[in-house]
Protein chains: 2
Amino acid sequence: MSIQTRRERERAERERLIVTAARELAEAEGWDAVTTRRLAAEIEYSQPVLYSHFKGKDAIMAAVAVQGCADLAEELRTARTAAKGVREALAAVGTAYTAFGRRRPALYDAMFTHAVDLPFATPEAPEPLKAAFGELLQAVEPIANEGDDPGLLTETYWAGLHGLVTLMRSGRLPENAHEDRLALLIGHFTAG
Amino acid sequence: MSIQTRRERERAERERLIVTAARELAEAEGWDAVTTRRLAAEIEYSQPVLYSHFKGKDAIMAAVAVQGCADLAEELRTARTAAKGVREALAAVGTAYTAFGRRRPALYDAMFTHAVDLPFATPEAPEPLKAAFGELLQAVEPIANEGDDPGLLTETYWAGLHGLVTLMRSGRLPENAHEDRLALLIGHFTAG
DNA sequence: CAGAAATTCTAGCAGCGCTAGCCAATCTTT
DNA sequence: AAAGATTGGCTAGCGCTGCTAGAATTTCTG
C-alpha cells in the first residue's frame, strides 16, 4: 500500500512536471516549439513517457489550458473584488481578461483558441473553467437588465473580449487603440 | 510578346486553380487535409510547382483568405442593402457575418483565425479585406453616437461577432443559444 | 535542326506525432 | 537470499509533414 501510494505520488508529480514544462516552453517560445521530443528532453525522460500520461499532444495542451483557467479565474477575481461599483467591476474584469490574453498569449491560445477536446459549456467542465466563467458571470450579473439571461449576457460579453484579444493578437486590429475599443465594449454593456 | 503574355496568362490561370483547389479541399475536408502533396495531386502538377507560385503553404492560405473576404463582403453588402432601417441593417450584417462563419468554417479560419502574413488594418491591406470591413463600417456608422469614432466602433462590433463565431465553433459556447447571444450583442450596440 | 533557356519532375532532407517491442530495474515468492 | 514475475522506460522506426536541390524534359531561339 505504501509503495503503491509513493509510486502514484511520483507519477502525479511527473505529470505536473510535464504540464508545467509544456506551459513554460510554450510561453517562452510558442506552441510550435513544444514538440514531443523537445518536451521529453525538457523533463529528462524519453518521448513515450509522455504517452503514458496523456493520450497525445492535444491532451497535454488541454491540461495546460485547464491550469491556465485557474490562473485567469484568480486574476479576474482579484480585479472584480477590488472594484468599487458594479460598473467598475465589469470594466475591471474586462481589462483583466484582455490583459491576461496579451500578457500570456500562448497560454490564452491553449485555453480559448486551440481546438481542444474539453467539455466547456456543460456541467462536466473542469472546475477551473467554470470558475473563470463564474468570475465573468458575477461581474455581468449585476448589470443585466431584467428579462435578460445573465448567463447568455456573460457569454456575449466574453465573446466581445475574446474577439478583441484574438483579432488584435493576430494583427487584424491595431494594438494601440485597444483601450478605446475595450472602453467602447464595456460602455455598450453597462449602458443597456 | 504574344508568347510572353500567353505564358503569363496560363500562369495566372494555374495560380487561380491552386487557390480554388485549396479552398475547395479545405472546405470539404478541413485545412488538415490540405497538404502540399494532396494539393499538388488535386491540380495535377508536382509539389514544387506550388512553390513557384507561392512562398509556402501559408501564402496559399492567405490567398484563399483574400478570396474569402471578397465573398464575405458581397454577402454583407447584400444583407445590408436589403435591410430597411439602420438598426435593421446592423442586425442583418451581424446575422450575415456569423452565418458566413458557421457555413464556411474553413474559409473563415483562413480569413480570421489562422496566423497569416497579411496587412490588415493598414492602407496596404488587400482590397477585399478593406471591402469586407467597409461593409461593416457602413452598417455601424449610422448608429454611432456623436463623439464615437465609427472605425473603432466597427472594430469593436466586429470583435463581438468574431468572438461569437469562434467560441461557438470551437465548442466553447453552445450552438443552440447563438441567436439569443447575437440578439444581445446587436441590442447593446443599437441601444447606445 | 542544334543549342539555349525556361520549366517541371524525381528524389530526398529534416522534423513531426506516435508506437511496437526490447531491456532493465523493481517487487513478489519460495 | 536467489529465482521468477511484473512493471516501466527506452531504442528504434513508421508514415507523414513542408520544403528544396538538382536532374530531366519540354519549349523557344538562332
Side-chain angles (χ1 to χ4, degrees), chain A residues 1-19 21-23 25-26 28-65 106 109-110 114-118, chain B residues 1-19 21-23 25-26 28-65 106 109-110 114-118:
Chain A
M1 183 61 182
S2 172
I3 287 172
Q4 189 76 4
T5 56
R6 192 210 68 208
R7 287 195 162 171
E8 283 173 10
R9 195 174 57 240
E10 287 174 352
R11 247 192 93 79
E13 199 160 331
R14 194 173 61 180
E15 193 157 312
R16 274 193 296 274
L17 182 65
I18 293 172
V19 176
R23 181 180 53 73
L25 188 50
E29 306 183 32
W31 281 108
D32 281 352
V34 185
T35 69
T36 54
R37 279 167 240 268
R38 180 80 186 277
L39 187 53
E42 214 75 36
I43 63 169
E44 296 177 316
Y45 280 93
S46 70
Q47 248 181 316
V49 165
L50 301 174
Y51 293 88
S52 76
H53 286 272
F54 298 95
K55 192 180 169 188
K57 190 188 170 181
D58 283 358
I60 298 176
M61 290 187 72
V64 171
D109 280 346
H114 189 82
V116 82
D117 186 26
L118 276 177
Chain B
M1 181 61 182
S2 171
I3 287 173
Q4 190 75 5
T5 54
R6 192 211 67 209
R7 283 196 164 170
E8 283 174 10
R9 196 174 56 241
E10 288 175 353
R11 247 193 93 77
E13 198 160 331
R14 194 173 60 181
E15 193 156 313
R16 276 193 295 274
L17 182 65
I18 293 173
V19 176
R23 181 181 51 73
L25 189 49
E29 305 183 32
W31 281 107
D32 280 352
V34 186
T35 68
T36 55
R37 276 166 241 269
R38 181 80 188 276
L39 187 52
E42 213 76 35
I43 63 168
E44 295 178 317
Y45 280 93
S46 70
Q47 249 181 313
V49 166
L50 301 173
Y51 293 87
S52 74
H53 287 271
F54 298 95
K55 193 181 169 188
K57 191 189 171 181
D58 283 357
I60 297 177
M61 289 187 72
V64 171
D109 280 347
H114 189 82
V116 84
D117 186 25
L118 274 177

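Sequence lines set the chain letters: A, B, ... in the order given, protein chains first and strands last, and positions in each chain run from 1.
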#### Entry: Sugar-phosphate, base or nothing in reach of Arg11(A), heavy atoms under 4.0 Å
nothing

### Atom-pair distance (OH on Tyr45(A); C1' on dT11(D)), nearest Å
17 Å

### Task
Just jot down the salt bridge (charged side-chain N to carboxylate O under 4.0 Å, His left out) partners of Arg37(A), sequence neighbours excluded, or say none.
none

### Message
Let me test you: for the helix from dC1(C)-dG30(D) to dT30(C)-dA1(D), what is the angle between the axes at its two ends (five pairs each), rounded to 10 degrees?
### Response
20°

## Note on the structure
When rounded to whole Å, the NE2 to C1' distance for the pair His114(B) and dG18(D) reads 12 Å

### Summary
For nucleotides 10-19 of chain C, 5' to 3', base contacts (B), sugar-phosphate-only contacts (S) and non-contacts (-) with protein non-hydrogen atoms under 4.0 Å give B-B---BBBB

### Atom-pair distance (CD on Glu15(A); P on dG8(D)), nearest Å
14 Å

Determine all donor-acceptor pairs shorter than 3.5 Å in which one atom belongs to a side chain in residues 46-56 of chain B; sequence neighbours excluded.
{"from": "Gln47(B)", "atom 1": "NE2", "to": "Thr36(B)", "atom 2": "OG1", "distance (Å)": "2.7"}
{"from": "Ser52(B)", "atom 1": "OG", "to": "Val49(B)", "atom 2": "O", "distance (Å)": "2.7"}
{"from": "His53(B)", "atom 1": "ND1", "to": "Glu15(B)", "atom 2": "OE1", "distance (Å)": "3.0"}
{"from": "His53(B)", "atom 1": "NE2", "to": "Arg14(B)", "atom 2": "NE", "distance (Å)": "2.9"}
{"from": "His53(B)", "atom 1": "NE2", "to": "Arg14(B)", "atom 2": "NH2", "distance (Å)": "3.0"}

### Message
Rounded to the nearest 0.5 Å, what separates atom CD1 in Ile18(B) from atom CD1 in Ile43(B)?
### Response
4.0 Å

### Message
Output the rounded distance in Å from CG (Leu39(B)) to P (dC19(D)).
### Response
12 Å

### Query
Side-chain contact, heavy-atom cut-off 4.5 Å: Leu39(A) with Ile60(A)?
yes

### Query
Quick one: side chain to side chain donor-acceptor pair (under 3.5 Å) partners of Glu10(A), sequence neighbours excluded?
Arg6(A)

### Message
Rounding to an integer number of Å, can you tell me how far Glu10(A) CD sits from dC27(C) P?
### Response
10 Å

### Query
Partners of Arg16(A) by side chain to side chain donor-acceptor pair (under 3.5 Å), sequence neighbours excluded?
none

### Task
Please state how far atom NE2 in His53(B) lies from atom C1' in dT8(C), giving the value in whole angstrom units.
11 Å

### Query
Less than 4.5 Å apart, any side-chain heavy atom of Asp58(A) and any of His114(A)?
yes

## Note on the structure
One should read off an interatomic distance between Arg9(B) CZ and Glu13(B) CD, to the nearest 0.5 angstrom, of 8.0 Å

